[in-house]
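Have a look at the structure below before the remarks.
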Amino acid sequence: MVDDDEAPLIYGVEFQARALCAVSGVPDDDTVRFLVGTQSIKFENQVHFLEYDEEAGLLGKSIYAHRAGEIWRMASSPTDYRRFATIYQNIQDSNIISKCTVWQIPFDSNMEEPSSPTIDASTNQLHQPLRKRFDLNVPNTNIIDVEWETNGERIASISETNIYIWNVEQPETPAISSTGSIDSKSGAIHKLGCCRWNPHISTSQLATTLGPHIRGWDLRSMKPSFSIDNAHPPYVRDIDYNPNRQYHLMTCGDDCRVKFWDVRKPNECLKILTDHSHWVWSARYNRFHDQLIVTSSSDTRVILFNIASLSSEPYGSLNTSEDVKEETDAIVNEDRLLCVFDEHEESVYSAQWASNDPWLLASLSYDGRLILNRVPKNEKFQILLRCPT
């Protein structure tokens with residue numbers, strides 16, 4: 001029998017969807033927030049602003065019209081929980097165009113400050129349009145990914161061949177502060193796919209995927225700072241920096257694998273996970289406890305791992321009796337698969353940790369099914385027992 005506290009919470013989106021992000025920059029409360037963007041060709045697309053109040057056991061929703069086009073990716077502002085960017089596509093002159101825009105959840109018309117949507121399950125703001133803040137587009141260029149700098153002052157966006165760093169300290173007039181491009185030889189064969197700021201030296205380093213390869217970029221010179229070749233043939237789907245270990249990077253791709261790297265030794269893979277049976281679309285570190293890893297795949301599964309050997313708090317000291325310590329050490333000190341969440345029925349394109357709850361994660365499959373799951377209680381307690389006091 002599943003503990004009620006660990007039972008999944010399922011939310012259905014009306015249309016197909018693949019864009020999910022945890023909302024950052026939240027107020028000082030315990031409410032967990034996520035954004036979901038739909039991908040419909042025939043109907044008006046939507047952004048679902050979801051708020052989960054664990055104490056009350058309620059999942060509130062506010063639905064906004066995204067009339068610009070079908071949403072492929074989303075990124076939340078790290079400093080303003082009502083602001084976010086979308087990568088979306090529409091058709092112009094029989095051509096598919098990919099653009100990027102920063103939006104804001106609308107203000108309450110009766111208040112000077114934005115008011116948080118109520119947790120009342122009956123609240124539904126369907127078709128209320130989002131407030132457009134600014135575009136991050138370059139003429140005759142398709143923008144395919146976007147990522148906020150950790151302090152919110154700059155945004156990185158990429159096309160298939162170029163990197164653009166935007167200064168958004170003055171949000172009404174965003175400006176490109178620097179650009180970079182892949183060499184013509186690489187660009188003829190492979191294209192950029194996604195980008196991530198280095199949270200430890202975010203002012204000077206960005207990582208991108210390039211087909212099966214990974215490139216780190218020194219933003220001061222806009223030149224490559226490290227290269228990991230053939231990380232995931234034929235295509236790298238996602239990358240994520242360890243939030244607590246400066247040089248550690250996690251990647252996943254179409255070879256059905258998740259890999260861990262030290263960028264100082266790009267030719268040596270630290271560890272490989274082979275538990276998925278199809279393309280791995282998403283891999284994310286828990287930013288509170290970096291031994292916790294969540295991955296999602298088009299094999300319809302979401303998998304939770306504990307990779308203690310590569311974490312910033314690998315083993316610690318168990319604050320309990322010697323007898324209990326001896327019984328648990330053999331298990332706790334091993335890298336292991338913790339659980340498989342198999343409630344999805346289609347490809348799971350994204351899995352994300354909540355920004356303000358270290359034990360809650362969300363996953364989204366293409367049929368529009370969003371599922372909230374929790375880290376198992378026994379694992380949570382073992383991690384807390386081993387945290388330094």
Side-chain angles (χ1 to χ4, degrees), residues 145 147 149-150 156 158 163 180 182 186 190 192-276 280-296 303-316 332-338 351 353 383 386-388:
D145 197 17
E147 184 82 0
E149 188 180 14
T150 52
I158 60 172
I163 300 167
I182 58 177
S186 297
H190 303 298
L192 295 172
C194 71
C195 62
R196 294 288 180 271
W197 289 92
N198 185 329
H200 307 284
I201 47 175
S202 63
T203 57
S204 60
Q205 192 176 88
L206 186 80
T208 65
T209 65
L210 180 64
H213 315 304
I214 299 160
R215 295 288 184 268
W217 299 85
D218 186 331
L219 301 183
R220 295 164 297 187
S221 63
M222 294 307 292
K223 302 294 184 183
S225 57
F226 68 85
S227 298
I228 302 175
D229 294 328
N230 293 309
H232 296 274
Y235 203 84
V236 182
R237 293 292 174 181
D238 199 12
I239 51 179
D240 196 26
Y241 277 98
N242 186 310
N244 299 316
R245 301 196 69 177
Q246 180 173 347
Y247 301 104
H248 281 209
L249 189 71
M250 176 173 57
T251 64
C252 62
D254 288 0
D255 57 357
C256 313
R257 291 173 165 82
V258 178
K259 296 182 180 181
F260 300 83
W261 309 87
D262 185 327
V263 299
R264 296 168 298 182
K265 301 176 181 178
N267 297 323
E268 301 177 16
C269 182
L270 300 176
K271 188 176 183 65
I272 302 176
L273 304 178
T274 60
D275 301 272
H276 284 291
V280 185
W281 285 88
S282 175
R284 283 288 181 268
Y285 282 103
N286 184 306
R287 70 184 185 94
F288 299 94
H289 304 285
D290 56 41
Q291 64 267 55
L292 293 177
I293 306 296
V294 63
T295 63
S296 67
I303 303 181
L304 178 64
F305 298 91
N306 184 320
I307 309 300
S309 65
L310 299 178
S311 77
S312 59
E313 43 186 56
Y315 306 130
V332 175
N333 291 354
E334 292 179 356
D335 294 343
R336 62 199 189 282
L337 186 156
L338 297 179
W353 292 99
I383 289 174
R386 288 175 171 267
C387 284

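This is a predicted model, so every value here is computed, not measured. Sequence positions, counted from 1, serve as the residue numbers for this chain.
- Residues Arg196 and Leu206 have side chains not in contact (no heavy-atom distance under 4.5 Å, counting atoms from C-beta outward).
- Here ring pair (Phe, Tyr, Trp, His ring centres under 6.0 Å) pairs that include residues 207-238, with residues two or more places apart or in two chains, are His190-His213.
- Asp275 pairs by the salt bridge (Lys or Arg N to Asp or Glu O under 4.0 Å) definition with nothing, not counting sequence neighbours.
- Contact detail for Ser309 and Arg245: the closest heavy-atom pair is O-NH1, 4.5 Å.
- The ring-ring contact (aromatic ring centres under 6.0 Å, His included) check on Trp353 picks up nothing, with sequence neighbours excluded.
- Distance check, rounded to the nearest 0.5 Å: OG1 of Thr150 to CD of Glu147 gives 10.0 Å.
- Judged by distance alone, with hydrogens and angles left aside, the side-chain atoms of Trp261 form no donor-acceptor pair with the main-chain N or O of Leu270 at under 3.5 Å.
- In this structure, Ala156 and Cys195 approach most closely via the heavy-atom pair O-SG, 4.2 Å.
- Under the salt bridge (Lys or Arg N to Asp or Glu O under 4.0 Å) criterion, the residue pairs touching residues 283-293 are Asp238-Arg284, with sequence neighbours excluded.
- Nearest approach of Asp255 to Ala231, heavy atoms of both residues: OD2-O, 3.8 Å.
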Evaluation steps, side-chain contact (heavy atoms from CB on, under 4.5 Å), between His276 and Thr295: CA-CA 9 Å; His276 284 291; Thr295 63; 2.7 Å; yes
Worked verdict on Met222 versus Ile163 for side-chain contact (heavy atoms from CB on, under 4.5 Å): CA-CA 9 Å; Met222 294 307 292; Ile163 300 167; 4.1 Å; yes
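- For the atom pair Lys265 NZ and Ile228 CD1, the distance stands at 13.5 Å (nearest 0.5 Å).
- To the nearest 0.5 Å, atoms CG (Asn306) and CG (Leu338) are separated by 5.5 Å.
- Listed by first and then second residue, the salt bridge (Lys or Arg N to Asp or Glu O under 4.0 Å) pairs that reach into residues 206-219 are Arg215-Asp229, Asp218-Arg220, sequence neighbours excluded.
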Derivation and outcome, side-chain contact (heavy atoms from CB on, under 4.5 Å), residues Lys259 and Thr251: CA-CA 5 Å; Lys259 296 182 180 181; Thr251 64; 3.8 Å; yes
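- For Arg257, the side chain to side chain donor-acceptor pair (under 3.5 Å) test picks out no residue, with sequence neighbours left out.
- Between Arg237 and Asp254 there is a side-chain heavy-atom pair separated by less than 4.5 Å.
- Applying the side-chain contact (heavy atoms from CB on, under 4.5 Å) test to Thr209 and every residue at least two apart in sequence or in another chain returns Cys194, Val236, Ile239.
- Atom SG of Cys269 sits about 8.5 Å away from atom CZ of Phe260, to the nearest 0.5 Å.
- Rounded to the nearest 0.5 Å, atoms CG (Leu292) and OG (Ser311) are 9.0 Å apart.
- Partners of Lys271 according to the salt bridge (Lys or Arg N to Asp or Glu O under 4.0 Å) rule, which considers only residues two or more places apart in sequence or in another chain, are Asp335.
- Residues satisfying the side chain to side chain donor-acceptor pair (under 3.5 Å) criterion with Tyr241, sequence neighbours excluded, are Gln205.
- Looking at residues two or more places apart in sequence or on another chain, you find no salt bridge (Lys or Arg N to Asp or Glu O under 4.0 Å) involving Asp240.
- Considering OG of Ser296 and CG of Leu304, their distance stands at 12.5 Å, rounded to 0.5 Å.
- For the pair Tyr285 and Ile293, the tightest heavy-atom approach, listed with the atom from each and the gap, is CD2-CD1, 3.2 Å.
- Between His200 and Asn198 the shortest heavy-atom distance is N-OD1, 2.9 Å.
- Here the side chains of Leu249 and Ile214 are in contact, with some heavy-atom distance below 4.5 Å.
- Side chains of Leu210 and Ile182 form a contact here, defined as non-hydrogen atoms less than 4.5 Å apart.
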